[in-house]
Amino acid sequence: MTRPVEELKGFVRVALHPKEEQRVRLEVPVRDIGFSGLDMKYVVEQDAFKVWTAPDSRQGLEGEFEVQL
């Protein structure tokens, strides 16, 4: 089964003034990165995932996490 290269899994809108900084915590539960397979059973795969946080699609910060089952 081919999955999308990118999926939106969490979203927080934060309004900031120019040069203002704020720490934001965004949690994505493991169950939210699963999918329904061809047999329609929900599965979460053990894998490495990249995360992207950005104000738009052209700039931002990239991170990574791994799901271990």
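Note that the structure is predicted; figures quoted are calculated from it, not measured. All values below come from the heavy atoms of this structure, side chains included, with hydrogens, waters and symmetry mates left out.
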query = Judged by atom type as modelled, is there a donor-acceptor pair below 3.5 Å linking the side chain of Y42 to the main-chain atoms of R31?
reply =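 Here the side-chain-to-backbone pair exists.
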Would you mind writing out the side-chain donor-acceptor pairs for residues 8-25 within the sub-3.5 Å range, not counting sequence neighbours?
unit_1: K9; atom_1: NZ; unit_2: D32; atom_2: O; d: 3.1
unit_1: E20; atom_1: OE1; unit_2: H17; atom_2: N; d: 2.7
unit_1: R25; atom_1: NE; unit_2: E27; atom_2: OE2; d: 2.7
unit_1: R25; atom_1: NH2; unit_2: E27; atom_2: OE2; d: 3.2

key: Single-linkage hydrophobic cluster, 4.5 Å side-chain cutoff, V67 and F35 together   =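 No, separate clusters.
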request  = Could you please spell out the steps behind the side-chain contact (heavy atoms from CB on, under 4.5 Å) verdict for F65 and V51?
outcome  = CA-CA 8 Å; F65 68 93; V51 233; 3.9 Å; yes
ask   = How would you list, by chain and number, every residue that makes a salt bridge (charged side-chain N to carboxylate O under 4.0 Å, His left out) with E64, sequence neighbours excluded?
value = none
message = If you compare all heavy atoms of L69 against all heavy atoms of V44, which two are closest, and at what distance to 0.1 Å?
response =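 Minimum heavy-atom separation between L69 and V44: CD1-O, 3.1 Å.
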remark   = Shortest non-hydrogen pair, A54 vs G60, comes out as CB-CA, 3.6 Å
query = If you measure from CD on E6 to NZ on K50, what distance do you get to the nearest 0.5 Å?
reply =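 If we round to the nearest 0.5 Å, E6:CD and K50:NZ are 10.5 Å apart.
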query = Atom CD in Q59, atom OG1 in T53: separation rounded to 0.5 Å?
reply = 11.0 Å
inquiry  = Less than 4.5 Å apart, side chain to side chain, heavy atoms only: is that true for F49 and I33?
reply    =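 Yes, their side chains come closer than 4.5 Å.
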